[in-house]
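These notes concern the structure reproduced below.
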Amino acid sequence: MRKKTRLLIAAGAVVLVMLIGVVAVLQSESDDIGEDEVRAMIMERYGGEIEAVETKGQHYIVRVSDENLEYEITMEREDGSITDMKSRELPRKEVAEEQTEESSEDPGEKALMTEEEAKALAAAEVGGQFIHVTTSEGAHPVEYQVIQLVEDDDEGALVTIDAQSASVDKVIWFSIDFEDIPDIEAFAQELQEYNRQYQDDYYIEFDDYYDD
């Protein structure tokens, strides 16, 4: 009788241990973060587009892509911590197609930047106040020559802008009292002529220039 009782107690203990183990596993799984929370965490941290979320053992495998790369992120299911991250560069097929389309276009058909855009670019480059703009339509590519009053009344800049690439080609700084300029159009032509003759110069003292 005692032996039978001992066997029953031992069997009960085994069953109890198994039940405790099952409860512990279920409790552990219930504490894991869910897939929706995983997606929210990834979007908050990395952005991009989530392609897939897979469960592998005690980890989530999340695949995320942006414009250039695809990431494979391994996260702990328990607390969402990152344990591994791999990346690979995406094929450049779409980019290559866009470049092919652009190269097939006639360069002459490419839209030039507007005068207002050129003035804004000059202001961003040197600051100050807009004074005058000239378009050199005979140049290849077409150029804008923008004069800015940069500081007080005696320092300015001539900003040469490539209208096709929308980029600043050159900036010439000069010192002159703007109140003494009788004809801004004539002054702009003088600046452009000086720029053509002295391409390596980037600063003009106009008092010295007029004395030559």
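The backbone N or O of G57 sits less than 3.5 Å from a side-chain atom of R77, completing a donor-acceptor pair. No donor-acceptor pair closer than 3.5 Å links the side chain of Y194 to the backbone N or O of Q189. At least one donor-acceptor pair under 3.5 Å links the side chain of E117 to the backbone N or O of T114.
Side-chain contact between M75 and T83: absent, with no pair of heavy atoms (C-beta onward) separated by less than 4.5 Å. The shortest distance between side-chain heavy atoms of I73 and I42 falls below 4.5 Å. Looking at Y144 and D162, their side chains never come closer than 4.5 Å, going by heavy atoms from C-beta outward. Side-chain atoms of L158 and V146, non-hydrogen and from C-beta on, never get closer than 4.5 Å to each other. Between T135 and E115 there is a side-chain heavy-atom pair separated by less than 4.5 Å. Contact check for E78 versus I33: no side-chain heavy atoms found under the 4.5 Å cut-off. Contact annotation: the side chain of V171 never approaches that of T160 to less than 4.5 Å [non-hydrogen atoms, C-beta and beyond]. Using a 4.5 Å heavy-atom threshold, the side chains of V168 and V159 count as touching.
Side-chain contact, E76 with S81: no donor N or O sits under 3.5 Å from an acceptor N or O.
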For residues 119-132, tabulate all N or O donor-acceptor pairs below 3.5 Å that involve a side-chain atom, not counting sequence neighbours.
| from | atom 1 | to | atom 2 | distance (Å) |
| --- | --- | --- | --- | --- |
| K119 | NZ | E116 | OE2 | 3.2 |
| H132 | ND1 | T134 | OG1 | 3.3 |
| H132 | NE2 | E185 | OE1 | 3.4 |
| H132 | NE2 | E185 | OE2 | 3.2 |

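In plain terms, the two heavy atoms of F178 and Q148 that are nearest each other are CZ-O, 4.3 Å.
Here D180 pairs with D177 under the side-chain contact (heavy atoms from CB on, under 4.5 Å) rule; sequence neighbours left out.
Outside the 6.0 Å centre-distance limit, the rings of F174 and Y202 are not counted as a close aromatic pair.
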| Working for side chain to side chain contact (heavy atoms under 4.5 Å, CB included), residues V38 and V62 | CA-CA 8 Å; V38 168; V62 187; 3.7 Å; yes
| task | Output, in order, the C-alpha distance, side-chain angles, deciding distance and verdict of side chain to side chain contact (heavy atoms under 4.5 Å, CB included) for I172 and K170. | result | CA-CA 7 Å; I172 291 182; K170 184 178 180 181; 3.8 Å; yes
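Each of E72, E51, E49 was compared with R63 under the salt bridge (charged side-chain N to carboxylate O under 4.0 Å, His left out) criterion, and only E72 meets it.
One finds the CE atom of M41 at 13.0 Å from the CG atom of D36 (value rounded to the nearest 0.5 Å).
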